[in-house]
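Here the structure comes first, spelled out in structure tokens, and everything after it is commentary.
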Amino acid sequence: MKKKLIRVMDTSFRDGFQSVYGARVLTKDFLPAVEAATRAGIRYFESGGGARFQSLFFYCNENAFDMMDAFRRAAGPDAELQTLARGINVVGLDSQSSDVIKLHAKLFKKHGVDTIRNFDALNDVQNLIYSGKCIVEAGLKHQVVVTMMELPPGCEGAHSPEFYAQVLRQILDAGIPYHSVCFKSASGTSTPAKVFKTIALARAMLPEGTFINFHTHDTAGNAVAAYRAALDAGADGIDLAMSPVSGGTSQPDFITMWHALRDTSYDLGVDIRKLVEAEKVFADCMKDYFVPPEARAVDPIIIFSPMPGGALTANTQMMRDNGTMERYPEVIRAMSEVVRKGGFGTSVTPVSQFYFQQAYNNVMFGPWAKIAEGYGKMVLGYFGRTPVAPDAEVVRIASEQLKMTPTTESPLKLNDANPARAIESFKKKLIEAELAVTDENIFIAATCQAKGIAYLKGEAVENVRKKIVEKAQASTAAVAKANLSGKSAAGYSVEFANKAFSVFFDGKNAVVNGRKYEVDISEISHELEVRPITTATQNTHRVVSPLPGAIIRVTCKEGDRVKKDQTVFVIEAMKMETEIKSPVDGTVAKIMAGQGSMVTAGQAVIQIS
């Protein structure tokens with residue numbers, strides 16, 4: 001029996017890393033596995049993009065462009081390397097201007113990429129026209145995407161096979177240049193029956209010979225069945241991963257899918273014995289990395305709250321950082337309502353992050369008490385047209401809180417009219433920071449903003465979770481949890497070398513600005529001036545952080561006069577920036593935690609007298 005050869009992309013080193021480790025993997029640790037996969041005969045890799053661009057700067061203290069160059073060297077000149085782009089958002093959460101979108105394609109071509117898979121999470125085809133054109137004009141192959149998910153039970157109005165066929169028709173009618181088509185179910189919730197019908201409709205619409213790829217995750221437990229349905233309907237390619245980053249929140253394993261297709265008319269074209277050896281090398285490379293339990297599990301709740309695997313562990317890792325992981329079940333349950341009222345954008349980054357951020361705020365602050373900026377801008381139309389109209393009351397609340405009016409204007413047009421989004425503005429920031437003005441640095445500043453500048457200035461801090469440091473991070477989280485639950489924690493403001501540090505004690509260990517150090521305080525207490533964090537009195541007021549996170553900006557200094565409701569510091573949690581304002585007019589008497597400090601809920605940051 002002649003078998004159909006199925007083309008497989010190995011997603012281990014992008015989506016696998018993102019889905020299992022929250023994208024926090026150091027380049028030097030995984031390159032031997034790329035070389036082993038190449039020896040096993042794999043020639044098609046997902047090598048970067050998506051969250052694996054920002055995460056290199058945010059968590060790994062590495063340059064993503066250096067990683068891309070190293071990947072190309074490890075995979076060899078003949079391998080096809082593919083990255084993931086988010087339409088006009090390219091590789092960030094926020095949308096960009098035309099010149100930054102064009103620069104994205106130019107730089108990824110320069111740094112060894114062959115193909116870019118390009119999607120819009122709202123399935124707003126207008127957001128794919130210019131980005132697709134830039135990709136092709138840069139000499140890259142363009143894999144255009146229709147994004148899929150299953151709506152929570154009881155919802156209707158989009159995400160049917162007919163809806164996806166309509167999106168594909170709009171792509172074809174818009175004249176977007178493409179080399180292949182992908183249907184992407186990042187949450188893994190699309191049912192096999194819906195996958196089959198969608199691919200069958202697409203096969204009938206597209207010119208003969210068009211390559212169709214289907215992508216899913218195993219988070220909801222039906223990925224193998226969905227892949228078989230896609231192949232039976234006429235798909236030509238699927239995405240798989242190698243252990244230890246396969247299954248669960250990631251893609252099915254090569255070996256699992258090979259086994260599922262035995263005695264069928266499909267051939268994955270892999271040497272299974274060589275793959276087994278490659279997976280052994282990969283497992284050894286990753287043996288020191290902490291694997292979140294939720295990354296290896298099938299989670300039925302995802303059917304009701306469609307969180308993509310590539311975003312799930314990124315968010316749970318941040319919740320661990322912030323000491324709020326015990327609230328995860330509440331947040332994921334709250335996500336269902338956020339999806340229902342948000343206009344049915346596909347739950348894939350950046351929209352999945354907007355959903356999760358809003359669900360997180362609804363749990364931490366109360367339902368709709370605090371609109372997450374990304375979610376609010378989405379329902380107001382600033383990222384494009386949602387598949388259905390968002391809930392009118394949520395739109396009203398978002399408009400009031402964000403002080404923005406709803407819009408139907410093209411996001412690209414809005415960004416091009418905003419000088420702050422133009423390349424010249426990022427050149428200016430680099431010059432002000434005394435940094436080299438290169439295309440790479442401009443793009444880093446545009447897509448990573450303040451964190452990108454901090455990396456370029458040498459101020460970034462590595463935050464990769466490995467088993468050898470997990471105990472320390474868990475201890476830090478325990479202190480954070482104590483603060484959140486209202487329990488007493490031994491908190492101090494420590495002044496040393498004219499700098500203020502936030503210190504909590506855990507036995508004989510000190511947690512300093514969120515990082516744990518083994519010390520015996522009795523040996524050094526006589527050397528330091530240590531004072532408990534003061535409480536507010538009639539003449540002093542503490543400005544506390546309302547939630548755990550990292551301080552990314554302090555907008556005042558000691559001795560400054562501040563007004564009531566003036567922003568005094570900005571905290572980042574779950575990739576959201578929250579401005580914290582002074583409760584009174586007064587003078588800044590003490591800054592207890594500076595830029596870069598990790599703080600817990602209720603921790604005093606600034607004292608005003």
Side-chain angles (χ1 to χ4, degrees), residues 1-20 25 27 29-48 70-84 112-115 117 141 143 180 182 211-218 223-232 234-248 250-287 289 291 296:
M1 176 179 65
K2 186 177 180 180
K3 295 192 174 187
K4 179 179 179 179
L5 182 62
I6 304 304
R7 191 161 194 238
V8 180
M9 182 170 72
D10 184 351
T11 60
S12 303
F13 308 105
R14 201 288 300 173
D15 209 351
F17 284 165
Q18 186 173 329
S19 299
V20 175
V25 179
T27 303
D29 291 341
F30 75 83
L31 286 181
V34 176
E35 295 168 350
T38 301
R39 290 194 298 271
I42 296 175
R43 294 291 181 270
Y44 186 19
F45 295 95
E46 188 175 35
S47 58
F71 199 114
R72 169 54 75 188
R73 290 192 296 271
D78 298 327
E80 180 170 351
L81 303 187
Q82 180 169 304
T83 59
L84 186 68
V113 174
D114 299 298
T115 302
R117 176 178 287 174
K141 295 177 184 176
Q143 186 173 95
S180 57
C182 177
F211 183 89
I212 298 177
N213 194 94
F214 178 65
H215 169 96
T216 192
H217 290 243
D218 210 19
V224 170
Y227 273 151
R228 178 62 192 265
L231 296 176
D232 288 346
D236 305 294
I238 57 176
D239 298 341
L240 300 172
M242 295 191 299
S243 179
V245 297
S246 56
S250 184
Q251 281 72 54
D253 194 275
F254 272 91
I255 298 172
T256 301
M257 198 68 210
W258 169 83
H259 182 68
L261 295 178
R262 295 173 74 179
D263 303 319
T264 71
S265 59
Y266 305 113
D267 182 3
L268 297 182
V270 298
D271 185 323
I272 202 65
R273 291 179 178 83
K274 289 183 178 179
L275 265 177
V276 169
E277 293 305 310
E279 290 200 350
K280 289 179 181 177
V281 173
F282 196 15
D284 186 63
C285 288
M286 308 311 295
K287 65 181 183 299
Y289 279 76
V291 178
R296 305 312 301 265

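Counting from 1, the numbers follow the sequence of the chain as shown. Side chains included, hydrogens not; waters and symmetry mates left out as well; all remaining heavy atoms used.
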request  = Rounded to the nearest 0.5 Å, what's the gap from CZ on Phe45 to OG1 on Thr11? Could you check?
outcome  = 11.0 Å
query = Is there a donor-acceptor pair closer than 3.5 Å between any side-chain N or O of Ser250 and the backbone N or O of Ser19?
reply = no
query = What are the two closest non-hydrogen atoms of Phe17 and Val245, and how far apart are they?
reply = CD2-CG1, 4.3 Å
inquiry  = Could you check whether any side-chain N or O of Glu46 sits under 3.5 Å from a backbone N or O of Arg14, counting only pairs where one atom can act as donor and the other as acceptor?
reply    = no
key: Parallel, tilted or perpendicular: ring planes of Phe214 versus Tyr227, cut at 30 and 60 degrees   = perpendicular
query = Does the side chain of Val20 reach to within under 4.5 Å of the side chain of Met286, using non-hydrogen atoms?
reply = no
message = Nearest 0.5 angstrom please: His217 NE2 to Ser246 OG, how far?
response = 12.5 Å
query = How far apart are the closest heavy atoms of Ile255 and Asp253, and which atoms are they?
reply = N-OD1, 2.7 Å
ask   = Rounded to the nearest 0.5 Å, what separation is found between the OG1 atom of Thr115 and the CG atom of Leu84?
value = 12.5 Å
request  = Would you check if the distance from the ring center of Phe13 to the ring center of Phe282 is below 6.0 Å?
outcome  = yes
ask   = Which value, rounded to the nearest 0.5 Å, describes the distance between Ile42 atom CD1 and Leu275 atom CG?
value = 5.0 Å
key: Closest approach of Cys182 to Gln143 (non-hydrogen atoms, all atoms of both residues)   = CB-OE1, 3.3 Å
ask   = Any donor-acceptor pair under 3.5 Å linking the side chain of Asp29 with the backbone of Cys285?
value = no
ask   = Glu80 and salt bridge (charged side-chain N to carboxylate O under 4.0 Å, His left out): which partner among Arg7, Arg43, Arg72, Arg117?
value = Arg7
remark   = On a heavy-atom basis, the closest approach of Ser47 and Thr83 is OG-CG2, 3.9 Å
request  = Test Gln251 against every option in Thr216, Asp15, Asp10, Val8 by the side chain to side chain contact (heavy atoms under 4.5 Å, CB included) rule and name the one that passes.
outcome  = Asp15
ask   = Does Lys287 reach the side chain of Asp284, with side-chain heavy atoms less than 4.5 Å apart?
value = yes
Minimum side-chain heavy-atom gap Met257-Val224 below 4.5 Å = yes
query = Atom CG in Leu261, atom CD1 in Ile6: separation rounded to 0.5 Å?
reply = 7.5 Å
ask   = Are any of the side-chain heavy atoms of Leu240 and Pro252 separated by less than 4.5 Å?
value = yes
request  = Could you grab the distance from atom CD of Gln82 to atom CG of Asn213, nearest 0.5 Å is fine?
outcome  = 7.5 Å
task = Please check if the side chain of Asp239 supplies one atom and the backbone of His215 the other of a donor-acceptor pair under 3.5 Å.
result = no
query = So do Lys280 and Val276 actually touch side chain to side chain, heavy atoms under 4.5 Å?
reply = yes
query = Counting N and O atoms only, with roles assigned by atom type, does the side chain of Ser180 sit under 3.5 Å from a partner on the main chain of Phe211, one being a donor and the other an acceptor?
reply = no
Contact summary for Met242 and Ala278, nearest pair of heavy atoms = SD-CB, 4.2 Å
key: Heavy-atom closest contact (Ala74 atom, Leu31 atom, distance)   = CB-CD2, 4.0 Å
key: Under 3.5 Å: donor-acceptor pair, side chain of Asp114, backbone of Leu81   = yes
